[in-house]
Amino acid sequence: MENDLLKDFQQSWAKHKYWVMARNQNAYNKIRLLAKNNQWDAMKQAQYQKLLTELETVEPTEKTLRVTYQHIWGYFKKQATSEEKEKYALLIEDITPDSHDLDHFFQHLITKYQQPYLLHMRWIKD
């Protein structure tokens with residue numbers, strides 16, 4: 001049972017990791033601590049689900065978006081073209097919580113470079 005719970009958590013976390021990071025760094029850190037040493041049980045699962053539910057009403061800030069997008073950029077920075085690097089630099093500089101330009105840019109890069117981990121994640125502004 002605990003192995004099934006751990007597997008379910010790992011799949012959910014892969015999907016929600018950057019969505020959580022974009023909303024609250026403390027919640028992100030709490031979840032990472034819960035998952036430490038791959039020890040998972042029903043109590044930790046309930047705490048994880050509670051954190052996700054609480055974050056549903058939290059909107060990303062400029063700071064949390066910047067940090068999250070910088071993490072995501074790490075998947076592309078070595079293979080991106082010069083033009084893509086320039087565009088990223090401009091977009092990250094002008095980021096606001098209401099802007100969707102970086103979302104669209106990353107969606108394009110995810111498809112172009114076929115990043116499997118990012119293809120299945122819950123999107124930041126979801």
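Between Leu55 and Trp19, some side-chain heavy-atom pair lies under the 4.5 Å cut-off. Residues Arg32 and Lys17 form no side-chain contact, since every pair of their non-hydrogen atoms from C-beta on lies 4.5 Å or further apart. No side-chain heavy atom of Leu102 sits less than 4.5 Å from a side-chain heavy atom of Ile72. Using a 4.5 Å heavy-atom cutoff, the side chains of Ile92 and Trp73 are not in contact. Considering only heavy atoms from C-beta on, Asn24 stays 4.5 Å or farther from Tyr28 through its side chain. Side-chain contact between Phe76 and Gln79: present, with at least one pair of heavy atoms (C-beta onward) separated by less than 4.5 Å. In this structure, the side chains of Asn29 and Met21 stay at 4.5 Å or more apart for every pair of heavy atoms. Within the 4.5 Å cutoff, the side chain of Tyr88 has no heavy atoms near those of the Lys77 side chain.
Each of Leu109 and Leu90 belongs to its own hydrophobic cluster when Ile, Leu, Val, Met, Phe, Trp and Tyr are linked at side-chain heavy-atom distances under 4.5 angstrom. In the hydrophobic clustering of ILVMFWY residues, with side-chain heavy atoms under 4.5 Å counting as a link, Trp123 and Leu119 come out together.
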task: Evaluate the criterion side chain to side chain donor-acceptor pair (under 3.5 Å) for residue pair Thr64 and Thr61; output intermediate values, then yes/no.
output: CA-CA 5 Å; Thr64 59; Thr61 66; 3.1 Å; yes
task: Check the pair Trp40, Tyr48 against side-chain contact (heavy atoms from CB on, under 4.5 Å), reporting the backbone distance first and the verdict last.
output: CA-CA 10 Å; Trp40 202 255; Tyr48 171 67; 3.8 Å; yes
field: Stepwise side-chain contact (heavy atoms from CB on, under 4.5 Å) test for Val20 and Trp13
entry: CA-CA 9 Å; Val20 169; Trp13 184 232; 3.9 Å; yes
task: Go through the steps for Lys112 and Glu84 under the test salt bridge (Lys or Arg N to Asp or Glu O under 4.0 Å), then give the verdict.
output: CA-CA 12 Å; Lys112 178 179 178 181; Glu84 290 166 340; 2.7 Å; yes
- request: Verify side-chain contact (heavy atoms from CB on, under 4.5 Å) between Asp41 and Lys44, making sure each step is shown before the conclusion.
  value: CA-CA 5 Å; Asp41 57 31; Lys44 287 184 177 186; 3.5 Å; yes
query: Taking it one step at a time, do Leu34 and Phe9 satisfy side-chain contact (heavy atoms from CB on, under 4.5 Å)?
result: CA-CA 11 Å; Leu34 284 174; Phe9 160 73; over 6 Å; no
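Atom NE2 of residue His104 and atom CG of residue Leu91 lie 10.5 Å apart, to the nearest 0.5 angstrom. Here CD of Gln70 is found 11.0 Å from CG of Leu65. Values are rounded to the nearest 0.5 Å. With rounding to the nearest 0.5 angstrom, the CZ atom of Arg23 is 10.0 Å from the OG1 atom of Thr57. The distance from the CD atom of Glu62 to the CZ atom of Arg66 is 5.0 Å, given to the nearest 0.5 Å. With rounding to the nearest 0.5 Å, the separation of NE2 in His120 from CD1 in Ile110 is 10.5 Å. To the nearest 0.5 Å, atoms CG (Leu51) and CD (Glu56) are separated by 12.0 Å.
Heavy-atom minimum distance, Ser99 versus Asp101: OG-N, 3.3 Å. Across Pro60 and Pro97, no two heavy atoms sit closer than the pair O-CB, 3.7 Å.
Within the 3.5 Å criterion, the main-chain N or O of Arg122 finds no donor-acceptor partner in the side chain of Tyr18.
The pair Glu83-Lys87 fails the salt-bridge criterion, with no side-chain N (NZ, NE, NH1 or NH2) lying under 4.0 Å from an Asp/Glu carboxylate O.
Looking at Lys15, Gln10, His16 one by one, the single match for side-chain hydrogen bond (donor to acceptor under 3.5 Å, both in side chains) with Ser12 turns out to be His16.
By the 6.0 Å contact criterion, NZ on Lys85 is enclosed, its count of non-hydrogen atoms from other residues, nucleotides or ligands being greater than 12.
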